[in-house]
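In each ligand, atom 1 is the first atom listed, and ligand 1 is the first ligand listed. Position 1 is the first residue of the sequence; numbering continues from there.
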Amino acid sequence: MVDTLVIGGGIAGLSLAARCVKHGSVVVLEAESAFGYHSSGRSVAHAHFGLGDDVIRALTALSMERLAEVPEDGSPPAGVVHPSLHIASADDLDALDELEAQHRRFATNFYRIGGIEAQDMVPVLTDWSVNEAVLDYAALKLDADVMLQGHIRAVRSGGGQMHCSSQVKAIVCSNGGWVVETTSESYRAARIVNAAGAWADVIADMAGVSQIKLEPRRRTVISFDGPSGQDISNWPFIKTVGEGFYMLPEGAGRLLASSMDATPCEPCDAAPEELDIATAAHRVEEGTTLEIRRIHHSWAGLRSFARDERPVVGFAPDAPGFFWFAGQGGFGLQTSPALADLGEHLLFGTPLPEEFAGFGLSPELLSPDRLRA
Ligand SMILES: Cc1cc2nc3c(=O)[nH]c(=O)nc-3n(C[C@H](O)[C@H](O)[C@H](O)COP(=O)(O)OP(=O)(O)OC[C@H]3O[C@@H](n4cnc5c(N)ncnc54)[C@H](O)[C@@H]3O)c2cc1C
């Protein structure tokens with residue numbers, strides 16, 4: 001009998017599994033041949049305060065310091081400082097005021113700057129696209145692979161078992177525990193953690209547990225050349241406060257961008273659609289002086305949301321031993337340390353860091369109970 005069986009080997013499942021190994025035996029089952037194959041490996045991996053509500057920003061603020069920490073074993077940190085520049089046209093200044101107020105609550109090192117100063121940093125921005133901006137110097141560029149590998153090491157060194165190519169096909173509640181079947185193995189577990197990302201409701205169906213009605217939404221990212229002869233490696237992560245785009249440097253001389261599309265779709269191996277690629281390129285050309293001649297590559301991934309767009313963490317009200325760890329939307333990497341704190345607290349009774357209460361965060365705000373009715 002396994003103490004905790006985690007379904008899903010993305011950032012959610014792995015970060016919580018790394019906590020679970022401190023409290024008993026753990027098995028992680030991942031359907032694909034590699035961990036992080038779906039959303040966690042398709043993120044643009046930037047941690048900032050430009051998305052979500054107060055709960056998401058509080059979870060982000062609670063995570064930032066740990067994401068930037070250099071691990072004791074000398075391995076690279078999950079995140080390195082890389083500023084965020086939130087830009088607003090003259091029509092979007094109210095939204096920028098609101099975002100600045102949010103930064104006052106949650107961020108540690110930010111400034112309101114004028115359009116000219118923003119254009120000094122990123123010369124391709126046009127007068128139209130940036131009237132004013134909020135510059136957050138403490139935002140982080142995350143490394144999803146470093147994060148996943150760190151958790152994998154922690155699970156293994158804690159004695160946990162991890163299996164890729166192990167798709168869960170059936171789940172039965174039996175004798176106060178769970179029997180979980182893959183195509184080749186059967187496991188008995190005292191509790192299951194449902195960290196199956198876009199498939200979390202599929203897992204609930206298998207187990208006969210009420211769905212949380214998660215909505216996966218597709219997002220598309222394109223990669224293209226930056227302006228020739230310019231060093232763009234020090235450009236910030238640039239994001240419009242209203243509808244528009246985000247853009248960030250990628251490796252030598254290239255940029256990544258997205259129109260921040262959020263198209264509802266079924267759980268799947270998401271692929272970019274021509275129209276979404278074209279929209280991303282058009283939005284960048286509209287807001288900058290860049291001309292995108294060639295898209296080097298593009299990809300799409302799913303961001304999955306509960307109806308209030310907050311994560312879902314806690315035992316299912318209708319199924320003892322079935323633990324939800326889902327709905328990480330577009331912020332699953334940047335909130336993962338705080339969400340793992342909460343998961344560990346609810347599963348094993350470890351104390352929550354005091355800062356949770358300081359930000360007005362209580363487990364009820366993320367509980368699956370709130371989604372009943
Ligand atoms: C384009 C894009 C940009 C993003 N940018 C950011 C960003 O800048 N910052 C940020 O913090 N977040 C960002 N995100 C969001 C972030 O990537 C997600 O919130 C996070 O990866 C969700 O992690 P997860 O573990 O829940 O899901 P996943 O990584 O999808 O993991 C779930 C896993 O469950 C497995 N699974 C499903 N069904 C089964 C089954 N039956 N048996 C076994 N395994 C199963 C799947 O194969 C999958 O690997 C972005 C996402 C996208 C798509």
Query raised in the report: With sequence neighbours left out, which residue pairs that include part of residues 180-234 fulfil the ring pair (Phe, Tyr, Trp, His ring centres under 6.0 Å) condition?
Result: His38-Trp199
Quick check for students: name every N or O atom pair between ligand 1 and the protein closer than 3.5 Å, with distances.
unit_1, atom_1, unit_2, atom_2, d
ligand 1, 5 (N), Ser43, OG, 3.2
ligand 1, 5 (N), Val44, N, 3.4
ligand 1, 8 (O), Ala45, N, 3.2
ligand 1, 8 (O), His46, N, 2.9
ligand 1, 8 (O), His46, O, 3.2
ligand 1, 9 (N), His46, O, 3.2
ligand 1, 11 (O), Leu333, N, 3.0
ligand 1, 11 (O), Gln334, N, 2.8
ligand 1, 12 (N), Gly330, O, 3.1
ligand 1, 17 (O), Ser39, O, 3.2
ligand 1, 19 (O), Gln328, O, 3.2
ligand 1, 19 (O), Gly329, O, 2.8
ligand 1, 19 (O), Gly332, N, 3.0
ligand 1, 21 (O), Ser40, N, 3.1
ligand 1, 21 (O), Ser40, OG, 2.9
ligand 1, 23 (O), Ser40, OG, 3.3
ligand 1, 25 (O), Ile11, N, 3.2
ligand 1, 25 (O), Ala12, N, 3.0
ligand 1, 29 (O), Ser40, N, 2.9
ligand 1, 29 (O), Ser40, OG, 2.5
ligand 1, 30 (O), Ser39, N, 3.2
ligand 1, 30 (O), Ser39, OG, 3.4
ligand 1, 41 (N), Val168, O, 3.2
ligand 1, 42 (N), Val168, N, 2.9
ligand 1, 44 (N), Ala31, N, 3.0
ligand 1, 47 (O), Glu30, OE2, 2.6
ligand 1, 49 (O), Glu30, OE1, 2.7
ligand 1, 49 (O), Glu30, OE2, 3.1

**Report entry** Donor-acceptor under 3.5 Å (Trp178 side chain, Gly321 main chain)
**Finding:** yes
**Report entry** Whether over 12 other heavy atoms sit under 6.0 Å from Glu266 CD
**Finding:** no
Query raised in the report: Can you get from Ile238 to Tyr246 by hopping between Ile, Leu, Val, Met, Phe, Trp and Tyr side chains that sit under 4.5 Å apart?
Result: no
Report task. Please tell me if the side chains of Leu135 and Pro83 come closer than 4.5 Å, counting only heavy atoms from C-beta onward. Result -> yes
Query - Working for side-chain hydrogen bond (donor to acceptor under 3.5 Å, both in side chains), residues Ser89 and Asp91 - result: CA-CA 5 Å; Ser89 66; Asp91 291 340; 4.9 Å; no
